[in-house]
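The structure appears below as structure tokens.
In what follows, residues are counted from 1 in the order of the sequence shown.
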Amino acid sequence: MGDMLSTLKSAWRNEDLHKRLLFTMFMIVLFRVGGSIPVPGIDRVAFTNIINRFGTLGSMMDLISGGALTSVSIFAMGIQPYINSSIIIQLLTVAIPALERMSQEGEAGRKKIQNIVRIFTVVLGLFQSFAFWYATNSATVSTLPKWLTCLVVVGTFTAGTAVVMWIGELINMKGIGNGISILIFAGIIARLPHMLLSGAAYFNIWLEQSNIILAVLYVLVIIVVALALLALITYINIAERRIPVQYAKRVIGRKMMGGQSTYLPIRVNQSSVMPVIFAMSIIQIPSLISSFAFINSDGPIVSWFRNLDSNPIQYVFHVLLIIGFTFFYSSIQYNPTEISNNLQKNGGFIPGIRPGRPTTEFIRNSANRLNWFEGVFLSFVTIFPMFIGAVTKTNGLWFGGTAIIIIVGVCMDTITQIQSQMSSRKLKTFLD
């Protein structure tokens, strides 16, 4: 905590980082203000009652949007269409050769893929907005014709999605941190008071149903679990696997260079919070479709998908998705072949491992072992609070572990980015 505060103070004294921090804060404020602007023609109370019928799905979407969903605001869709679009395009990049070639074109290819993600985000936002209007049209109070009301509501929701996407990308370019994670982080922080009030309500229920000792014991269990998870997540976020590297001696001119020993760091939590965010978005799609498209249907198949959040099999899906996205996201962000080639070009080698393909395989296997650990760890932290919630009859704990992962992960990533930019600026000043 002391290092974090020291880093923030140093960044605040740096003019460029000072501007970036202020810009990020301004974008968060803009996101929160937009989350308070209501969509015309919808009764907020009736709309909220319909959303509450979706159970955990509605609560999850409302929490990610920072309460914008139940407020029926222009940002009710939040950042979710952008996340789903990013997931789909990244998966298609592996499956479609044209997109794969585009991803290998460097910065130009990355910009083309990003444009595709933007377009697909608007398309997904349009479909999801129509689904919202169709599922909640009974909450409409507009005197306009039905088709015109649909156009206004769907257009407003879709435009809000585009603005949220724009805010996230501006944070990436001109601010500090990952735009998607920052907006989700802001939404969770904004809902903390509501979560605390819900906790107080549960405490009163426990007092009515049992004695004060048992109620206090429940509260202590929840606090201890939360603090333990916070400490564990923080420790895993800063942990790394250090592979020893030796550099051969080289004669450059009249000087003998190299010969030093160092290490190649591989973060234990390479993917940070992204697998959890991706899994969280994918796991709610079946419930989302069944709840919106078949809102008036009570068939067995529809009911099964609609109540998937309370079905134990949902935990299995959640774990598989988190582990799968951990490997997938790591494969995108971490390239063992490139690292091995850079080591060989600079005269470095891993003791006991031959340069070239064996080094690449060794680094890949080391990263994969860490991916398994990371996937199981993220799954445990996500699922365990759900188990505690089931034991203590506290339904509000379903998002506890995920919220802690996102909060800690975003804070750690942001501080790391600040430290990296401060180091690069110091080096640039020294060279100048």
Any side-chain heavy-atom pair of [X] and [Y] under 4.5 Å:
X: Ile116; Y: Leu99; answer: yes
X: Val72; Y: Pro38; answer: no
X: Thr161; Y: Val122; answer: no
X: Glu169; Y: Arg118; answer: yes

Exercise for the section: Flag yes if more than 12 heavy atoms outside Phe349 fall under 6.0 Å of its CZ atom; otherwise flag no. Expected result: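 Correct, the count exceeds 12.
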Practice task
Taking atom types as modelled, find out whether Ser340 and Thr359 have a side-chain donor-acceptor pair closer than 3.5 angstrom.
Solution key: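 Result is no, nothing qualifies.
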Which heavy atom of [X] sits nearest to which heavy atom of [Y], and what is that distance?
X: Arg241; Y: Val268; result: N-CG2, 4.5 Å
X: Pro336; Y: Ile363; result: CB-CG2, 4.0 Å
X: Ser379; Y: Ile323; result: OG-CG1, 4.0 Å
X: Ile74; Y: Gly34; result: CG1-O, 3.3 Å

Exercise for the section: Give me the ring orientation class for Phe325 and Phe328: parallel if the planes are under 30° apart, tilted from 30 to 60°, perpendicular past 60°. Expected result: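 Correct class here is perpendicular.
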Practice task
Hey, can you tell me if Phe75 and Phe31 have their rings parallel, tilted or perpendicular (30° and 60° cut-offs)?
Solution key: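 Phe75 vs Phe31 ring planes: parallel.
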Problem - Check against side chain to side chain contact (heavy atoms under 4.5 Å, CB included), Ile233 and Phe377 - result: CA-CA 9 Å; Ile233 293 170; Phe377 165 74; 3.9 Å; yes
Distance-only, no hydrogens or angles: does the [X] side chain make a donor-acceptor pair with backbone N or O of [Y] under 3.5 Å?
X: Ser85; Y: Pro81; result: no
X: Thr326; Y: Asn371; result: no
X: Thr24; Y: Ile176; result: yes

Handout entry: Verdict with supporting geometry, Asp413 and Asn178, side chain to side chain contact (heavy atoms under 4.5 Å, CB included)
Key = CA-CA 8 Å; Asp413 286 347; Asn178 181 287; over 6 Å; no
